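Okay, so here's the structure we're looking at.
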Amino acid sequence: MSRASLRGSATLVRAAAVGAATLGIGCAATPLPMGVIASHAVSTARSPVTAPLAAHLVAPAVAPTPSDLAAASLVQKAADVATQHDAGARRLPMIPSSFRVADLPALDPPPILDGAHAPVIADGIEATELEVDWHATWKGPAKLDVPTAVRVGLVTSTWARLKIGAGEAAIAPDSVGGMFLTCGGPQSIPQKLLPARWESVTITPEHVVVYQVTSAWFDPRTCSAHVVERRAVTTAPLAGGLLHAFREPCASSSACDGGELVTLLGPRFDSLATSAIGGNVSSADGALTRVTLPVRHGGGSSMLARGSSSKAYPWARALGIDLPATTITLGVEIAQGVDDPEPIAIAYSIAPELEPASPSATSTRD
């Protein structure tokens, strides 16, 4: 055998060794140090391997499949967990609980009013929960002969979201909230009615959460609204009671692609992450967090939220839930295979380990 052949054989042996080490196979599945792999890459570039032989040695790249990507994601998550464990980070217990989407209460909300087809005169019952602050204008409703900016809100002791025309605002319990609108003007100038819609949450003394949606027409001349329809649903508690859920039909094909929607209600959070396959996620935050997840065959959706107990305290207090003074993590996962008769749904909370009370704290409570 010639010296060139010997050099080529040695190069092939080194290439096979590096490939086996990279894939984790071979003798004891021990990978080579990074320095060895890097130096070998340089020597291979200068080796006497011919172009046809190199073409057989280097296979073309194969596009990763969804299974490959999922496996890579699991490997990365395992590596992250190992890194946190090695760093001494305390692992928090996860409290999961499964639920059936079909068992959630159903709500068929009133249709969204179309401002392009607004009536000339608003019919229906006047919305008494609509609050108009005339004090800031130094005028009364009978003296609005010129357009005036007026704050419009809702009379509520719980949580609500108000939308009039293109404006939208969140309203917290026992707080001044709402939006500024232009009301009044000369009687000779006609004004078009605006579509209005508000959602409110009521918590009963028995800690039952009731979600209500109201659609109405708002008259900017008189700063008043007339109700078209109201619909309400009693929600179901999830994740220890900090989340409440109900389901509703999907009116938009792009939102859930023929499936339905699951709406989650919860407290304020510092961070909120959502994702979906086969639909779109909608969310609104403020005094109350509302997240709507799509549910369909061959799709999946999820929500992950984190927040301090101080922000969640008003919501938890109204529900009669005691919170530890730390960060709260809540999540929901919903997935349904193409052949699955119903989706698989899990709600979970990650709670910190309770620290044992010190003797001094115990004596103080006594």
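From a predicted model like this one, the values you see are computed outputs, not experimental measurements.
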Under 3.5 Å, which donor-acceptor pairs do the side chains of residues 100-107 form with other protein atoms, sequence neighbours left out?
from	atom 1	to	atom 2	distance (Å)
R100	NE	E342	OE1	3.0
R100	NH1	D103	OD1	2.8
R100	NH1	D103	OD2	3.4
R100	NH2	E342	OE1	3.3

Below 3.5 Å, can you tabulate the donor-acceptor pairs from side chains in residues 259-269 to any protein atom, sequence neighbours excluded?
from	atom 1	to	atom 2	distance (Å)
T263	OG1	E248	OE2	2.7
T263	OG1	T292	OG1	3.2
R268	NE	G286	O	3.2

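A donor-acceptor pair shorter than 3.5 Å cannot be found between the side chains of S308 and T327.
Taking the side-chain hydrogen bond (donor to acceptor under 3.5 Å, both in side chains) definition, one finds that E333 meets it with nothing, sequence neighbours left out. Under the rule for a side-chain hydrogen bond (donor to acceptor under 3.5 Å, both in side chains), S98 has no partner lying at least two apart in sequence or in another chain. Partners of K311 under the side-chain hydrogen bond (donor to acceptor under 3.5 Å, both in side chains) rule, at least two apart in sequence or in another chain, are D270. By the salt bridge (Lys or Arg N to Asp or Glu O under 4.0 Å) test, D108 pairs with R231, sequence neighbours left out. Qualifying salt bridge (Lys or Arg N to Asp or Glu O under 4.0 Å) partners for R230, counting only residues two or more places apart in sequence or in other chains: E129. The side-chain hydrogen bond (donor to acceptor under 3.5 Å, both in side chains) check on D339 picks up nothing, with sequence neighbours excluded.
At least one side-chain heavy atom of L242 sits less than 4.5 Å from a side-chain heavy atom of L323.
Between P294 and S301, the shortest heavy-atom distance links the atoms O-OG, 3.0 Å. In terms of heavy atoms, R197 sits closest to P109 at NH2-CB, 3.8 Å. Between C223 and V150, the shortest heavy-atom contact is SG-CB, 4.2 Å.
Listed by chain and number, the hydrophobic cluster partners of L113 are L193, W217, V228, where partners are ILVMFWY side chains within reach of under 4.5 Å, directly or through others.
Under a 3.5 Å cut-off, the side chain of S200 and the backbone N or O of A160 do not form any donor-acceptor pair. Side chain of Q191 to backbone of G184: a donor-acceptor contact under 3.5 angstrom is found.
The CZ atom of F180 lies 12.5 Å from the CD1 atom of I164; values are rounded to the nearest 0.5 Å.
The salt bridge (Lys or Arg N to Asp or Glu O under 4.0 Å) pairs that include a residue from residues 285-298 are E199-R290, D257-R296, where partners are two or more places apart or lie in different chains. Here salt bridge (Lys or Arg N to Asp or Glu O under 4.0 Å) pairs that include residues 160-173, with residues two or more places apart or in two chains, are R161-E168. The ring-ring contact (aromatic ring centres under 6.0 Å, His included) analysis of residues 306-331, with sequence neighbours excluded, yields the pairs W159-W315.
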